[in-house]
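Structure, as C-alpha cells:
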Amino acid sequence: NDKPRIFSGIQPSADSLHIGNYIGALQQWESMQDDYDAIFCIVDLHAITVPQDPKALRDATRTLAVQYIAAGIDPARSTMFVQSQVPAHAQLAWILNGITGFGEAGRMTQFKDKSARNGADAASVGLFTYPVLMAADILLYDTELVPVGDDQKQHVELARDLAQRFNSRFGETFVVPKPQIQKETARIYDLQIPTAKMSKSAATDSGIVWMLDEPAVIAKKIRSAVTDTGREVRFDRGEKPGVSNLLAILSAFRGVPIATLEAEYEGRGYGDFKRDVADAVVDAFGPIRERTLELQADPAEVDRILTTSAQRAHDLASAKLAQVHEAVGL
Ligand code: ADP
Ligand code: NA
C-alpha cells in the first residue's frame, strides 16, 4: 500500500458520538479512505487520564467501534483498532516522555484549560502527558497527515517537534507528520450555548445532538436551538452564533456552501430553516443509528473485526518500536 498514511482517533469517553465529532472527524475520515492508507484508532488509553468506570469504558469502546463502522469507516479498506490492544503505544509514549521538556508539556493549552477547570490536584499526571501519548500514536505508523479539529493543532505540533528531535538525536526514525486542520465551519457549537464547543463532557444534554438520539429527539433539540431575535439566516459567528452554527451543520450534511444556503433562506423565517436542518440531520443519522443497533446485537462480529485490524496495527507498530529501541540503546 503506497498511499500516504493518515492516522486519527477518538476517545471512548461517552456512549455516543455527537454531531461535532461526526462533522469534525467521522465524515471527513470516511471521505479519505480511498485516497489514503487510513488508520483510525479508538484511544482508550487516553480515556483513563480522567476518572472512569471500568464497565462503562468497556461498553463505550465497543460502541465507538460500532459507530465508526455505522458511519462508513470500512474495516476492509481502513485499519480500525483499539489502542490498548497494541502495547507499543504506551511503550513509545514512555520513551518520548524522556525527550519531552517539562515546560514544553506544560504549555499545552488543553491541559491548562482542563486543569484550571478542575483544579491542579484533580488533574492526573496522565492528563499532563496525554499529548506525548498522542505523539506516540501518530509516530508509530509513519503518519504523514493527521486530520483533526483545530483544538488538536498544538498537540500535532508537539508530535512534529518530538519526531524532529528524536531524529536529530538518534538518527532518522520517524516521519514528521502534518496536521490537516479542517475549515472553520467544521467546528460545531453547543445548540444551547452556541459560543461553547459542542463536547461529550458538556454539563447538559439539551445542546448536544447525539448520533444515537432517536429522530424525534434530534428534531426537538434542533427546533429548540438558541438563535437570536432577528429573522435573517446569515452566517456571522459574532452577531448570530446560533444561526451560524445551524448553517454550518446544514452545509456539512447537504454538502453545499454556506453562501448557497443563505441565498436559499433569504426572506424565510427561522422555523422553515430549523425544520430543514432537523430533516437533514435525521436523514443522515437515522440509518447510522439503525446500523449501530444491528451491529450492537452482534458483539462477537465487532470483536472479530477489531482483532483482525489490531493485528495489522500491531505488526506496523512493533516494527517501528524495534527500530526505536535499537536507536536509543534499549
Ligand atoms: P469531545 O471534545 O467531544 O470529547 P474528542 O476530544 O474525543 O471529542 O474529539 C474527537 C474528534 O472530534 C476530534 O477530531 C475533534 O477535533 C472532533 N471534535 C470534537 N468536538 C468537536 C466539535 N464540537 N466540532 C467539530 N469537531 C469536534
Ligand atoms: Na476534545
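Remember, it's 1-based here, ligands and their atoms both numbered in the order they're listed.
Between Gly149 and ligand 1, a contact under 3.5 Å exists for at least one N or O pair. At least one N/O-N/O distance between Gly20 and ligand 1 falls below 3.5 Å. When only interatomic distances are considered, the shortest N/O to N/O separation between Asn21 and ligand 1 falls below 3.5 Å. Between Val148 and ligand 1, a contact under 3.5 Å exists for no N or O pair. Backbone and side-chain nitrogen or oxygen atoms of Met198 are examined, and one is located within less than 3.5 angstrom of a nitrogen or oxygen of ligand 1. Looking at ligand 1, you'll find an N or O of Lys197 within less than 3.5 Å of one of its N or O atoms. Note: an N/O pair closer than 3.5 Å links Asp151 and ligand 1 by distance alone. Of the polar atoms of Arg187, none of the N or O atoms is found under 3.5 Å from an N or O of ligand 1, judged by distance alone.
Residue pairs meeting the ring pair (Phe, Tyr, Trp, His ring centres under 6.0 Å) criterion with at least one member in residues 201-221, sequence neighbours excluded, do not occur.
Which of Gln152, Gln11, Gln27, His18 comes nearest to atom 3 (O) of ligand 1 through a heavy atom is settled by distance: it is His18. Among Asn245, Val43, Leu64, Ile188, the residue whose heavy atom sits closest to atom 23 (N) of ligand 1 is Ile188.
In this view, Pro131 and Met108, His155, Leu158 satisfy the side chain to side chain contact (heavy atoms under 4.5 Å, CB included) rule, not counting sequence neighbours.
Distance check, rounded to the nearest 0.5 Å: CG of Leu92 to CZ of Phe166 gives 7.5 Å. The CG atom of Leu139 lies 11.0 Å from the NE2 atom of His89; values are rounded to the nearest 0.5 Å. Between the CD1 atom in Ile138 and the CG atom in Leu133 there is a gap of 10.0 Å [rounded to 0.5 Å].
Between Asp228 and Lys240 a salt bridge is recorded (basic side-chain N to carboxylate O distance below 4.0 Å). A salt bridge links Asp272 with Arg275: at least one charged nitrogen is closer than 4.0 Å to a carboxylate oxygen.
Heavy-atom distances between Ile23 and ligand 1 stay at or above 4.0 Å for every pair. Taking a 4.0 Å cut-off on heavy atoms, Gln182 fails to register as neighbouring ligand 1.
For NZ of Lys3, the number of neighbouring non-hydrogen atoms (other residues, nucleotides, ligands) closer than 6.0 Å is greater than 12. For CG of Asp15, the number of neighbouring non-hydrogen atoms (other residues, nucleotides, ligands) closer than 6.0 Å is 12 at most.
With ligand atoms numbered from 1 in the order given, ligand 1 contributes 2 (O), 3 (O) to contacts under 4.0 Å with heavy atoms of Ser199.
When heavy-atom distances to ligand 1 are checked against a 4.0 Å cut-off, Ala14 has no atom that comes that close, whether in backbone or side chain.
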